[in-house]
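Structure first, commentary second.
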Amino acid sequence: MADAFVPRPEHKFSFGLWTVGNRGRDPFGDAVRDPLPPEEAVALLAEAGAWGVNLHDNDLVPIDASASDRDRIVRGFRSACERHAIVVPMATVNLFYDPVFRDGAFTANDPRVRAYAVQKTMRAMDLGAELGARIFVLWGGREGTETDACRRPDEAIKRLREAVNYLCEYSIDREYGFKFALEAKPNEPRGDIYMATTGAYLGFIPTLDHPEMVGVNPEVAHEHMAGLNFLHAVAQAWEAGKLFHVDLNDQFPGRYDQDFRFGSANVKSAFCLVKFLEDVGYDGPRHFDAHAYRTEDYRGVLEFARGCMRTYLILRERAKQWHADAEIQALVASVGDAHDAPNFSRYSQRNRDALLASTFDRAGLAKRGLAYERLDQLTMEVLLGVR
Ligand code: GLT
Ligand code: MN
Ligand code: MN
């Protein structure tokens, strides 16, 4: 693949151990791939050209490992990362797999489960810090309900706040320098998950003790599952200074969590997303939280990983082309070119009176064609490679 679409470290492409290590289990069928030991996952990612690897505590260290086993495993993993020049930008904690979390982790009704969840997260933070991670993702997959008779949802929010506040203090206390990135999802594995959308977390964060330490980790599939526009969620997070991380994958709306290869389902939304991230200069990791089809062996997994990065780079190239296209730019510029509009950018008595006294040619304004059909067609032609 000697072309312009070769991943480089400055692109900051990362994958979770659980992504390339996904064994193809689903609710109706068992694993189709053998386990991929973490050190081999690192080798596979290096071969694909990735920059970073992310992990849950238990992707690397089994939940019941002894302290000495833990240290041995971590040492081996660290040296594999060094050998393959792969960094660990983000760490997270598994608060969803073990049956103890069946009623939630930070929001569970049993205070012992809540305390265990916080303790488990503190240990996952120790592990992440040891591996050099500076971003800590919290995805509350089990924080939800099948029946809302079980607890008041506002109580769940209070518990979640208490836990995140505690974890921020722990990071400060240990001088880990973590930024927390909260990841929303509307449902699955719970019937409903609290904090269903990125927007919900953006409303929650300012209520925390250390809001400056906490942002979001939006995932394409999770907003698409809810039928929402992912780019709009990302843009709101970016504008609020809260886009600490991003989970790239793909998903058809209204289905179970598909976690498809980036750009493989909704190529136009993927294009607009890449264009946005590049336009604003998003500088964080571009993390692919997806997995290969169940039909694949590990060769297919390698192709899957390459495909995620390659599609991103192709779309980035198309975005540059879109910006350089004179006809497209003329159309974009012509939409907002009315210079005789009254100024209302900042409120003052003078411009209040001027605005109230203004007259508008309402019918004329409504008649002017905006040429978005042409604009979209040209955008599609850039995307389809015929311009
Ligand atoms: C899990 C989930 C992802 C989260 C991961 C982090 S785990 O695979 O589907 O969206 O980002 O906990
Ligand atoms: Mn997902
Ligand atoms: Mn995710």
Side-chain angles (χ1 to χ4, degrees), residues 13-27 31 36 41 52-61 63 88-98 101 104-106 117 120-121 124-125 127-128 133 135-144 160 163-164 167 178 180-190 193-198 201 215-226 228 230 233-234 237 243-262 264-266 273 284-294 301 304 308:
F13 289 136
S14 61
F15 291 80
L17 275 182
W18 69 93
T19 66
V20 287
N22 179 286
R23 300 179 57 203
R25 253 190 218 103
D26 69 22
L36 181 67
V53 64
N54 304 316
L55 68 157
H56 298 90
D57 47 357
N58 306 136
D59 296 340
L60 182 62
V61 183
I63 195 163
V88 181
M90 175 272 259
T92 181
V93 57
N94 188 324
L95 297 177
F96 45 89
Y97 194 81
D98 194 272
F101 300 124
F106 300 149
K120 190 173 191 291
T121 307
M125 289 166 64
L127 172 64
I135 301 168
F136 199 90
V137 163
L138 288 171
W139 173 64
R142 294 282 171 195
E143 315 289 9
L160 185 63
V164 177
L167 296 167
F178 275 122
F180 292 90
L182 310 181
E183 178 177 345
K185 189 177 181 183
N187 61 273
E188 200 189 357
R190 297 309 297 268
I193 298 178
Y194 302 124
M195 302 292 169
T197 62
T198 298
Y201 270 135
V216 291
N217 176 37
E219 172 169 320
V220 177
H222 297 178
E223 305 288 326
H224 284 190
M225 281 172 76
L228 300 175
F230 182 67
V234 165
L243 189 65
F244 289 4
H245 200 260
V246 66
D247 275 4
L248 303 173
N249 57 9
D250 216 344
Q251 168 84 30
F252 289 106
R255 314 267 173 106
Y256 64 94
D257 187 13
Q258 295 175 312
D259 286 336
F260 284 147
R261 193 178 74 257
F262 179 60
S264 63
N266 307 279
L273 174 65
R286 287 152 173 83
H287 172 231
F288 298 102
D289 187 5
H291 48 76
Y293 302 144
R294 198 163 178 267
V301 173
F304 146 83
C308 286

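Heavy atoms only: backbone and side chains are in, while hydrogens, waters and symmetry mates are out. Start at 1 and go down the list; that is how both ligands and their atoms are numbered.
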Q) Does a donor on one side chain and an acceptor on the other come within less than 3.5 Å for D289 and W18? A) yes
Q: Could I get the full list of side chain to side chain donor-acceptor pair (under 3.5 Å) partners for T92, not counting sequence neighbours?
A: none
Q.
Looking at D57 and K120, is any side-chain nitrogen of the basic one under 4.0 Å from a carboxylate oxygen of the acidic one?
A. yes
Q.
Does either side chain, that of D250 or that of N266, offer a donor lying less than 3.5 Å from an acceptor on the other one?
A. yes
Q | Protein N/O/S neighbour count - the Mn ion (ligand 3), strictly under 2.8 Å | A | 4
Q. Taking side chain as C-beta onward, heavy atoms only, is N22 less than 4.5 Å from F304?
A. no
Q. According to the interplanar angle, ranging from 0 to 90°, do the rings of F288 and F262 count as parallel (below 30°), tilted (30 to 60°) or perpendicular (above 60°)?
A. tilted
Q. With sequence neighbours excluded, what pairs up with H245 under the side chain to side chain donor-acceptor pair (under 3.5 Å) test?
A. N217
**Q.** Between CG on residue N54 and CG on residue D59, distance to nearest 0.5 Å
**A.** 9.5 Å
(Q) Pairing donors with acceptors under 3.5 angstrom, does anything connect the side chains of E223 and T198? (A) yes
Q. Nearest to the Mn ion (ligand 2), which N, O or S atom of D259 do we find?
A. OD1
What are the polar N/O contacts of ligand 1 with the protein below 3.5 Å, with distances?
from: ligand 1; atom 1: 8 (O); to: W18; atom 2: NE1; distance (Å): 3.3
from: ligand 1; atom 1: 10 (O); to: E183; atom 2: OE2; distance (Å): 2.7
from: ligand 1; atom 1: 10 (O); to: E219; atom 2: OE1; distance (Å): 2.8
from: ligand 1; atom 1: 10 (O); to: H222; atom 2: NE2; distance (Å): 3.4
from: ligand 1; atom 1: 10 (O); to: D289; atom 2: OD2; distance (Å): 2.9
from: ligand 1; atom 1: 11 (O); to: E183; atom 2: OE1; distance (Å): 2.6
from: ligand 1; atom 1: 11 (O); to: E183; atom 2: OE2; distance (Å): 2.8
from: ligand 1; atom 1: 11 (O); to: D247; atom 2: OD2; distance (Å): 3.1
from: ligand 1; atom 1: 11 (O); to: D289; atom 2: OD2; distance (Å): 2.8
from: ligand 1; atom 1: 12 (O); to: H56; atom 2: NE2; distance (Å): 2.7

Q: Measure across Q251 and D259 and return the closest heavy-atom pair with its distance rounded to 0.1 Å.
A: OE1-N, 3.8 Å
